[in-house]
Enquirer: 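Right, I'll just put the structure down here and ask away after.
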Amino acid sequence: MQENVIDQSKDITILELLDRVLNKGVVITGDIVISVADIDLVYLGLKLILTSVETMQQRRLTTIKPNQPQK
Amino acid sequence: MEKIIYAIIANAGKTEQVNDYVTNIRGITGSNLYALHFNEISVAVSDFQSSKFIISKELAIDFARVIEELSQQLTVLPIRFGTVVKSDEIVKQLLTDNYNAFRENLLKVENKHEFGLKVIWDYDKCSEKIRSKVESEEINAGKYFSKSTINTNYLLEKLKKHRLEDAVLKHVELLIEEISRFLAQINPDCKFKKMLSQNIILDGVFLVEKNMKSEFIEAIEALKQQHDDLHFLLTGPWPPYSFVEIQIDK
């Protein structure tokens, strides 16, 4: 279980990192910027895996929480 | 040779020190990283031949590694991955044309870390608790309808559903208010979206003074202890990606 949680955390960190690198920061557009092909594909891949974060977390909540003491 | 731009850097007039630091970092695809300067700001770039490399997730992660290494010693504004221009001259022009905007934004993020926080709940489980509370409050059908028909039953069901959604939203609003109030002791700049989806009730980013990093992490830990039914997903510290507010169209 612990290993699984660590794996999930690593995946989530990478997703968060990709979200930042691809969607945030200074945006420069226009004729001076050379269009780098395939970035859209990275975006697409990111969107697909982002939806899986929710599923992953939900599974984690339902599998871990019942064993925790209730307050 | 084409150039890929990584980050805008505050140099505080110490361009030699910035040069030394930047050139010790490896750029993506094994390239040499170097800095160009204009007054008190610099920019980190490296050679990049866009036709030669396949843009991939791994390359984007490596790009983030460069920004992370730069931010360990310098105040930076990350540039979005994939910004490639034809020459150093164009990079320098970008620097001079946008000097004031870069400088203002650099001041805003100086000595600060970004943290990401997603608050996740099990919608079905939590809404079930709220449902039992909502359903205990009887709806007075006579207030809305003069007589009971199939249609009124349908509308009553709709009304119940609407009341549940409303109650869930109010519950989320209260939770977010409580979390924001609790984190206000650290005084971070923050941006957040509520109910990003049914399960992610808060998706926020926080800009925290570097010397308040431990306090911020402790505050999140304390929130975790207080809310057994919520999952707090904290990531960071990050370079201040989400607090860059510059868009240039040339």
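Quick note on labels: first sequence line is chain A, next is B, and so on, each numbered from 1.
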Enquirer: Counting only heavy atoms not in B:K210 (residues, nucleotides, ligands), do more than 12 fall under 6.0 Å from its NZ?
Expert: yes
Enquirer: Looking only at heavy atoms, which two atoms of B:R80 and A:V27 are closest? And how far apart?
Expert: NH2-CG1, 3.7 Å
Enquirer: Would you compute the distance between atom CD of B:Q93 and atom CD1 of A:I32 and round it to the nearest 0.5 angstrom?
Expert: 9.0 Å
Enquirer: Got B:Y241 and A:N23 here, is their nearest side-chain heavy-atom distance under 4.5 Å?
Expert: no
Enquirer: For the residue pair A:V26 and B:N98, establish whether any side-chain heavy-atom pair is separated by less than 4.5 Å.
Expert: no
Enquirer: When rounded to the nearest 0.5 angstrom, what is the spacing between CG in A:L15 and CG in B:L233?
Expert: 10.0 Å
Enquirer: Which atoms of B:F243 come close to chain A, meaning under 4.5 Å heavy atom to heavy atom: side chain ones, backbone ones, both, or neither?
Expert: neither
Enquirer: Using non-hydrogen atoms only, which part of B:I79 is less than 4.5 Å away from chain A: side chain, backbone, both, or neither?
Expert: both
Enquirer: Side chain, backbone, both or neither: which part of B:E114 has a heavy atom under 4.5 Å from chain A?
Expert: side chain
Enquirer: Using the test salt bridge (charged side-chain N to carboxylate O under 4.0 Å, His left out), find all partners of B:K112 that sit at least two apart in sequence or belong to another chain.
Expert: none
Enquirer: Kindly give the heavy-atom pair with the smallest separation between A:V21 and B:A64, and that separation in Å.
Expert: CG2-CB, 3.4 Å
Enquirer: Is the count of non-hydrogen atoms from other residues, nucleotides or ligands lying under 6.0 Å from B:N111 atom CG greater than 12?
Expert: yes
Enquirer: So which of B:V85, B:L59, B:I5, B:I90 has the largest heavy-atom pair count under 4.5 angstrom toward chain A?
Expert: B:V85
Enquirer: Is the number of heavy atoms from other residues, nucleotides or ligands within 6.0 Å of NZ (B:K213) greater than 12?
Expert: no
Enquirer: Within a strict 4.5 Å, meaning less than it, do heavy atoms of the A:I34 and B:K86 side chains meet?
Expert: yes
Enquirer: Any side-chain heavy-atom pair from B:W238 and A:L17 closer than 4.5 angstrom?
Expert: yes
Enquirer: Measure B:L94 against the heavy atoms of chain A and call it side chain, backbone, both or neither at under 4.5 Å.
Expert: side chain
Enquirer: Just wondering, do A:R20 and B:V205 contact through their side chains at under 4.5 Å, heavy atoms?
Expert: yes
Enquirer: Which atoms of B:T235 are under 4.5 Å from chain A, going by heavy atoms: the side chain, the backbone, both sets, or neither?
Expert: side chain
Enquirer: Is it the case that over 12 heavy atoms from other parts of the model lie below 6.0 angstrom from the CG atom of B:N39?
Expert: yes
Enquirer: Enter the distance from B:L77:CG to A:K24:NZ here, rounded to the nearest 0.5 Å.
Expert: 15.0 Å
